[in-house]
Colleague: 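One structure is given below, represented as structure tokens, and several questions about it will come after.
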Amino acid sequence: MTTKRSAMTSVPSTAAKKARHWSLGLLDSMKDPNSIVKKTERVVVIKDKYPKAKIHYLVLPHEDISSIYKLDKSHIRLLEEFGSVYKELNESAEVELKAGFHAVPSMQRLHMHIISRDMISPCLKTKAHWNSFTTKFFRPYEDVLQELKKDGLVKKMPPEIHKNFMAAPIKCNQCSYEPKNMPNLKEHLLSHTKK
DNA sequence: GTTCTAGAAC
DNA sequence: GTTCTAGAAC
């Protein structure tokens, strides 16, 4: 299939503006009809552009909130809507999905991951990818909500702790296997889907 | 967040 | 010699 995209986007311009920083990319994805799964008055659900499992969605608020660390008690309703969206998607999925936030997100605009546990995807490539979903670097939705309700904010963990999680040896999320490297892990994960 | 790739690990 | 990881990106 051919595309007209290149002709439409490669507009040479002497007044070309500097490209938007990569960390703002989610703002574009939120507007992309091909990415959008569901949209409500307060939130939008999109498919992750580089999914790390067979099912991988992101829930984002329309409101300009950069991360969980900007939340206060006024956002509890908003976060509860994240939960409703999660519940809905989880019930319609054929497998159990988990919901949570990265302790140190790379992308701006608050986003909650909703992801299946298989972790089978060509986009899963690095130890950091793996550990960001399978260690405490991944902060479960329910925990974040409870902390916000209790303390009125979500506390950051010390950077050394986060570094330790990311540097931790890779371990299977479905059994006790400890792969030697990422290709080894990816091969191993396939065995958990066979019947 | 991804891409690229040097050099470590095997 | 090949595979794999990890750091730079102006």
Side-chain angles (χ1 to χ4, degrees), chain A residues 3 5-6 9-10 12-37 43-71 82 97-141 144 154 156-157 159-173 177-191:
Chain A
T3 175
R5 197 190 318 162
S6 58
T9 55
S10 59
S13 168
T14 50
K17 286 184 181 175
K18 190 180 171 184
R20 198 212 287 255
H21 192 263
W22 56 261
S23 70
L24 296 168
L26 289 177
L27 302 182
D28 296 324
S29 298
M30 286 174 72
K31 296 178 201 151
D32 178 6
N34 295 322
S35 298
I36 296 173
V37 172
V43 310
V44 59
V45 183
I46 62 174
K47 289 178 282 188
D48 193 293
K49 193 174 179 184
Y50 298 91
K52 302 304 186 292
K54 288 180 179 177
I55 301 174
H56 188 180
Y57 302 116
L58 299 178
V59 185
L60 313 95
H62 295 300
E63 189 180 343
D64 184 12
I65 302 169
S66 61
S67 78
I68 48 174
Y69 305 112
K70 303 287 184 179
L71 296 173
F82 277 37
L97 306 178
K98 63 174 190 175
F101 303 83
H102 283 160
V104 184
S106 297
M107 307 292 279
Q108 293 185 52
R109 183 54 61 94
L110 174 67
H111 58 283
M112 181 175 80
H113 295 269
I114 297 180
I115 188 166
S116 55
R117 74 169 179 173
D118 54 88
M119 301 300 281
I120 293 172
S121 165
C123 300
L124 180 79
K125 296 177 179 177
T126 69
K127 181 157 87 168
H129 288 155
W130 180 257
N131 283 346
S132 73
F133 288 100
T134 60
T135 69
K136 286 178 180 170
F137 188 91
F138 188 83
R139 308 192 61 179
Y141 162 73
V144 171
V154 182
K156 288 189 182 182
M157 253 187 267
E160 320 85 69
I161 307 283
H162 294 143
K163 278 176 71 177
N164 290 344
F165 284 135
M166 298 310 274
I170 48 180
K171 290 174 66 174
C172 180
N173 63 336
Y177 185 59
E178 299 189 8
K180 290 176 178 58
N181 54 40
M182 287 303 292
N184 189 193
L185 168 66
K186 289 169 71 67
E187 178 66 26
H188 169 79
L189 289 171
L190 296 174
S191 70

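Quick note on labels: first sequence line is chain A, next is B, and so on, each numbered from 1. Keep in mind that the numbers below use all heavy atoms, side chains included, and drop hydrogens, waters and symmetry copies.
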Colleague: Choosing from C:dT5, C:dA6, B:dG1, which nucleotide comes nearest the side chain of A:K127?
Modeller: C:dA6
Colleague: Once you measure the plane-to-plane angle for A:F82 and A:F101, does it fall in the parallel (<30°), tilted (30-60°) or perpendicular (>60°) bin?
Modeller: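 Correct class here is parallel.
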Colleague: Side-chain contact, heavy-atom cut-off 4.5 Å: A:R117 with A:L97?
Modeller: no
Colleague: Tell me which nucleotide among C:dA6, C:dT5, B:dG1 gets nearest to the side chain of A:N181.
Modeller: C:dT5
Colleague: May I ask you to say what A:P183 touches in the nucleic acid, namely base, sugar-phosphate or nothing, with a heavy-atom cut-off under 4.0 Å?
Modeller: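 It contacts sugar-phosphate atoms only.
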Colleague: Once you round it to whole Å, what is the distance between P of C:dT2 and CG of A:N184?
Modeller: 21 Å
Colleague: Does the Lys NZ or Arg CZ of A:K98 fall within the cation-pi geometry relative to A:F133 - under 6.0 Å from the ring centre and within 45° of the axis?
Modeller: no
Colleague: Nearest-Å distance, CD (A:E187) to P (C:dC4)?
Modeller: 11 Å
Colleague: Just the rounded figure in Å: distance from P of C:dC10 to NE2 of A:H21.
Modeller: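 To the nearest whole Å, that distance equals 12 Å.
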Colleague: Expressed in angstrom and rounded to an integer, what is the separation of A:D48 atom CG from B:dG1 atom P?
Modeller: 9 Å
Colleague: Output the rounded distance in Å from CH2 (A:W22) to P (B:dG1).
Modeller: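 In whole Å, B:dG1 P and A:W22 CH2 are 7 Å from each other.
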Colleague: After noting the C-alpha distance and the side-chain angles of A:D28 and A:R20, does the key distance pass the salt bridge (charged side-chain N to carboxylate O under 4.0 Å, His left out) rule?
Modeller: CA-CA 10 Å; A:D28 296 324; A:R20 198 212 287 255; 2.8 Å; yes
Colleague: Any side-chain N or O of A:K125 under 4.0 Å from OP1/OP2 of B:dT3?
Modeller: yes
Colleague: If you draw a 6.0 Å radius around NZ in A:K47, do more than 12 non-hydrogen atoms from other residues or ligands fall strictly inside?
Modeller: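 Check fails, neighbour count at 12 or below.
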Colleague: Do you know the tightest heavy-atom contact between A:S106 and A:S23?
Modeller: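 Residues A:S106 and A:S23, closest heavy atoms: O-CB, 3.6 Å.
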Colleague: Under the criterion of centre distance below 5.5 Å and interplanar angle below 30°, is A:Y50 classified as stacked on the base of B:dG1?
Modeller: no
Colleague: Figure out the NZ/C1' separation between A:K163 and C:dA6, and round it to whole Å.
Modeller: 13 Å
Colleague: May I ask you to evaluate whether A:H102 reaches the phosphate of B:dG1, defined as a side-chain N or O under 4.0 Å from OP1 or OP2?
Modeller: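 Affirmative; the distance criterion is met.
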Colleague: Using a 3.5 Å limit for the pairing distances, which stems of at least 3 consecutive Watson-Crick or G-U wobble pairs does DNA chain B take part in?
Modeller: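 B:2-10 with C:1-9 - these are the stems of 3 or more pairs that involve DNA chain B.
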Colleague: Within this structure, what is the CD1-to-P distance between A:I170 and C:dA6, rounded to whole angstrom?
Modeller: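 Going from A:I170 (CD1) to C:dA6 (P), I get 10 Å.
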Colleague: Quick one: which of C:dA6, C:dC4, B:dT2 gets closest to the side chain of A:K52?
Modeller: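 Shortest atom-to-atom distance from the side chain points to B:dT2.
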Colleague: Can you find a side chain N or O atom of A:H129 that sits less than 4.0 Å from OP1 or OP2 on B:dG1?
Modeller: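 For A:H129, the contact criterion (side-chain N or O under 4.0 Å from OP1 or OP2 of B:dG1) is not met.
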Colleague: Roughly how many Å is it from NZ in A:K186 to C1' in C:dT5, rounded to a whole number?
Modeller: 15 Å
Colleague: Side chains of A:F137 and A:V104: does their closest heavy-atom pair fall under 4.5 Å?
Modeller: yes
